[in-house]
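These notes are about the structure you will find just below.
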Amino acid sequence: MSTVELTKENFDEIVSGNDFVLIDFWAEWCGPCKQFGPVFERSSETHGDLVFAKVNTEKEPELAAAFDIRSIPTLMIVRQNIAVFAQPGALPEAALEDVIGQARALDMDEVRASVAEAQAQQDQQGQQGQAGNGEQA
């Protein structure tokens, strides 16, 4: 399968509509991006059951900003609408295959439980902070 170009117009549809999406954030002027591009493309041909997508950060700065992309290339893996991996740098083919294997092996029920727990802790800390601010006023 070839890669799909992600834009702000089709991002939600592609990411929400697929269980496993690999996203390559890149730009034309980026040397390491040009090195990683063929590796990413070959992997897309090997893993026809996964969606491989590319975000050109020059054309889609809003998407790059939304994901706090500060260095390119950056690879992100989204499973069931949860970003389970994000790392800048051009991965060699063996490393990319390893990351895909690890992402495939994740127990998404555990991942969702972990995300929910982290969110609950964050919410609780926010409420404690607000209570503390109210007492001082």
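Residue indices begin at 1 and follow the sequence shown.
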If only atom types and distance count, is the side chain of [X] paired as donor or acceptor with the main-chain N or O of [Y] below 3.5 Å?
X   : Y   : value
S16 : E13 : no
T3  : A53 : no
T46 : R42 : yes
N18 : Q80 : no

task: May I ask you to decide whether D49 forms a salt bridge with R104, counting only side-chain N to carboxylate O separations under 4.0 Å?
output: yes
Pairwise distance [atom1]([X]) to [atom2]([Y]) - rounded to 0.5 angstrom:
X    : Y    : atom1 : atom2 : value
D123 : Q121 : CG    : CD    : 10.0 Å
S43  : F36  : OG    : CZ    : 8.0 Å
N81  : R112 : CG    : CZ    : 10.0 Å

Might you point out which heavy atoms bring [X] and [Y] nearest each other, and give the distance in Å?
X    : Y   : value
E28  : N56 : CG-ND2, 4.4 Å
I14  : V51 : CG2-CG1, 4.0 Å
M108 : V84 : CE-CG1, 4.2 Å

For the residue pair [X] and [Y], establish whether any side-chain heavy-atom pair is separated by less than 4.5 Å.
X    : Y    : value
V21  : F52  : no
I82  : R79  : no
V78  : F85  : no
E110 : L106 : no
P88  : P73  : no
I23  : L75  : no

- request: Could you go through the side-chain contact (heavy atoms from CB on, under 4.5 Å) check for V55 and W26 one step at a time?
  value: CA-CA 6 Å; V55 174; W26 69 286; 5.5 Å; no
message: Using the rule given for side-chain contact (heavy atoms from CB on, under 4.5 Å), can you reason through E93 versus V39, listing the C-alpha separation, both sets of side-chain angles and the distance that settles it, and then say yes or no?
response: CA-CA 6 Å; E93 203 155 344; V39 171; 4.1 Å; yes
- prompt: With sequence neighbours left out, which residue pairs that include part of residues 3-22 fulfil the ring-ring contact (aromatic ring centres under 6.0 Å, His included) condition?
  reply: F11-F67
Verdict with supporting geometry, M76 and Q87, side-chain contact (heavy atoms from CB on, under 4.5 Å): CA-CA 7 Å; M76 179 176 287; Q87 178 177 309; over 6 Å; no
Summary of salt bridge (Lys or Arg N to Asp or Glu O under 4.0 Å) pairs that have at least one residue in residues 51-61, sequence neighbours excluded: D24-K54
field: Worked check of side-chain contact (heavy atoms from CB on, under 4.5 Å) between I72 and W29
entry: CA-CA 10 Å; I72 54 174; W29 52 263; 3.7 Å; yes
